[in-house]
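Because the structure is predicted, anything quoted here is derived from the model rather than measured. Computation of the quantities below employed the complete heavy-atom set of this structure, encompassing side-chain atoms and omitting hydrogens, waters and symmetry-equivalent molecules.
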There are 2 protein chains.
Amino acid sequence: MAITKKKAPRRTAKKQSAPARKRVRLAPTDRSDQILKGAISFFAKHGFGGQTRELAVELGISKGLLYRYFPSKDDLIDRIYDEMFVRRWKPEWDAILVDRSVPLLARLKRFYLDYAQMLHDYEWVRIYLYSGLDGASIAQRFAKLVTERIYKPIIGELRHEFGLPGLDKQPMTEPETELMWALHGGLFYIGIRKWVYRVNTPRDVAGTVTRAVERIYADAQELMRADQIRRRSPSP
Amino acid sequence: MAITKKKAPRRTAKKQSAPARKRVRLAPTDRSDQILKGAISFFAKHGFGGQTRELAVELGISKGLLYRYFPSKDDLIDRIYDEMFVRRWKPEWDAILVDRSVPLLARLKRFYLDYAQMLHDYEWVRIYLYSGLDGASIAQRFAKLVTERIYKPIIGELRHEFGLPGLDKQPMTEPETELMWALHGGLFYIGIRKWVYRVNTPRDVAGTVTRAVERIYADAQELMRADQIRRRSPSP
DNA sequence: ACAGATAATGAGCATATGCTCAATAAAAAA
DNA sequence: TTTTTTATTGAGCATATGCTCATTATCTGT
């Protein structure tokens with residue numbers, strides 16, 4: 001929040017440098033990785049308004065070194081986005097969801113139990129929120145990615161399960177989309193409770209996720225049954 | 001994010017003051033209200049890291065005037081919290097939920113259709129998030145308030161509806177609490193989609209809210225039926 | 001051991017930012 | 001109209017903050 005804190009007057013000293021910490025030399029790749037990890041943890045806590053000076057202190061390095069590996073704060077932040085939203089997407093997810101050798105409900109549980117791991121991740125939850133609030137385009141893109149790569153296949157599979165025409169015949173309806181968003185919102189909120197508002201979260205997260213998935217499965221069934229009936233008897 | 005922007009060099013001019021805007025004198029109450037409202041809108045957009053200078057410009061007043069009514073930025077922010085989280089709680093909500101002259105499902109719909117109005121409020125959604133991320137204690141208190149004043153009465157009424165012992169006999173169970181959180185999370189996520197990630201939101205919010213309420217009503221029924229059966233046949 | 005290459009440091013620059021206060025002008029009182 | 005009161009202004013202060021660069025120290029190859 002950058003509130004001015006009344007502090008000791010500006011140091012008028014000449015050159016009373018600190019006890020000169022021992023230098024540690026790392027390979028550029030290692031140092032770069034270390035900075036990136038530290039930055040993720042730091043900005044997750046303080047938001048992107050956190051100061052690079054403090055970050056350097058936390059990392060135990062000089063501010064100059066920070067700028068050797070990341071030309072600017074914005075560059076560093078972009079790398080963080082990439083790390084959080086692009087690299088953390090597991091390619092196998094796409095396959096799990098449409099693997100019809102496994103019953104759909106089991107697939108959904110398997111997928112969401114894995115996907116929901118992100119909710120336990122302080123950094124992921126908070127950075128996702130901060131980036132969205134900052135209007136970072138990548139956060140919006142991630143939200144859209146979820147629609148394309150998760151909602152769409154799942155609704156497709158649910159329709160197949162419950163005997164409705166595929167998405168190629170009939171685009172996703174609003175109630176279908178909203179069913180998925182409600183699930184994701186309910187799940188993401190677990191992370192928000194845990195890492196933002198710090199109110200009590202379920203002891204049994206896996207159970208909660210499982211129940212949530214079972215609910216939308218049942219809700220989808222009901223939604224689609226109704227749709228199936230409507231489809232059989234053309235409207236007046 | 002306070003990134004350094006390369007700008008024109010520091011003005012070395014003497015006193016080339018601007019065209020001297022016409023002064024408008026307001027009653028202290030009016031001015032204070034005006035500043036508060038403007039600040040809410042401003043900080044909702046930029047986060048609490050936004051500068052008071054810019055806020056003053058947006059309000060069309062001098063920065064000095066800001067500090068006449070709010071001694072510090074932190075004071076201003078505290079007033080915003082009060083305005084958003086304390087004053088916006090409608091006392092009638094408590095009554096609606098337990099008014100047994102109305103069928104429970106109808107009560108729930110009525111309440112949530114009103115409560116969910118906050119989701120359409122750019123300021124409320126974003127400030128609630130920013131304050132939580134900042135670790136403001138009031139945000140945590142609000143989350144707890146929701147548990148006490150919404151979840152508890154609703155679970156109490158649902159138990160009554162489905163023939164289970166009241167909360168005085170048996171505290172809220174985790175699945176019950178989670179059911180409520182899932183509902184609120186799902187609803188709040190509508191606001192997050194709209195005001196944070198800017199992805200498409202339902203055309204028919206009222207319908208979405210109604211459906212979400214119907215779902216938890218049905219889910220609660222199922223949850224509590226199962227509980228009722230377990231209760232009748234004591235465990236081994 | 002020595003030299004060359006380069007990772008690391010931190011004083012310092014330029015601007016950003018919360019906040020103060022003496023001066024000013026609009027309204028109210030006389 | 002004149003005087004008094006007080007809402008309003010904006011230059012300016014002190015510190016905060018992103019970033020640079022000359023200097024220094026560590027590692028590697030010979």
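Between A:Ser62 and C:dG10, a side-chain N or O to OP1/OP2 separation shorter than 4.0 Å is absent.
Heavy atoms from other residues, nucleotides or ligands lying under 6.0 Å from CZ of B:Arg110 number 12 at most.
Atoms OH (A:Tyr67) and P (C:dC13) sit 18 Å apart, rounded to a whole Å. Following rounding to the nearest Å, B:Leu65 (CG) and D:dT9 (P) show an atom-to-atom distance of 6 Å. When rounded to the nearest whole Å, the span between NZ of B:Lys63 and P of D:dA11 equals 8 Å. Atom C1' of nucleotide C:dA8 and atom CD1 of A:Ile35 are separated by 11 Å, given to the nearest angstrom. Look at CZ on A:Arg53: it is 13 Å from P on D:dT20, rounded to the nearest Å. Between the CD atom of A:Gln34 and the P atom of C:dA8 there is a distance of 9 Å, given to the nearest Å. In this structure, the CZ atom of A:Phe70 is 15 Å from the P atom of D:dT20, given to the nearest Å. B:Leu26 has its CG atom 14 Å from the C1' atom of D:dT9, to the nearest Å.
Listed for the A:Glu148 side chain is no donor-acceptor partner under 3.5 Å among the backbone atoms of A:Leu145. With hydrogens and angles ignored, the 3.5 Å screen pairs a side-chain donor or acceptor of B:Arg107 with a backbone N or O of B:Asp99.
Looking at heavy-atom distances under 4.0 Å, B:Leu66 makes no contact with the nucleic acid at all. Counting any heavy atom pair closer than 4.0 Å across all strands shown, B:Tyr69 reaches sugar-phosphate atoms only and no base atom.
The residues B:Arg211 and A:Asp219 are annotated as not salt-bridged, no charged nitrogen and carboxylate oxygen being separated by less than 4.0 angstrom.
Every pair passing ring-ring contact (aromatic ring centres under 6.0 Å, His included) that includes a residue from residues 182-211 of chain B is listed here, sequence neighbours excluded: A:Tyr128-B:Tyr197, A:Trp181-B:Tyr189, A:Phe188-B:Tyr189, A:Tyr189-B:Phe188, B:Tyr112-B:His184, B:Tyr115-B:His184, B:Tyr122-B:Trp195, B:Tyr128-B:Phe188, B:Tyr151-B:His184.
Residues passing the side chain to side chain donor-acceptor pair (under 3.5 Å) test with B:Tyr67 are B:Thr52, sequence neighbours excluded.
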Check your understanding: For nucleotides 25-30 of chain C, read 5' to 3', which letter fits each nucleotide if B means a protein heavy atom sits under 4.0 Å from the base, S means only the sugar-phosphate is that close, and - means neither?
Key -> BBS---
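Ring-centre distance between B:Tyr130 and B:Tyr81: not below the 6.0 Å cut-off.
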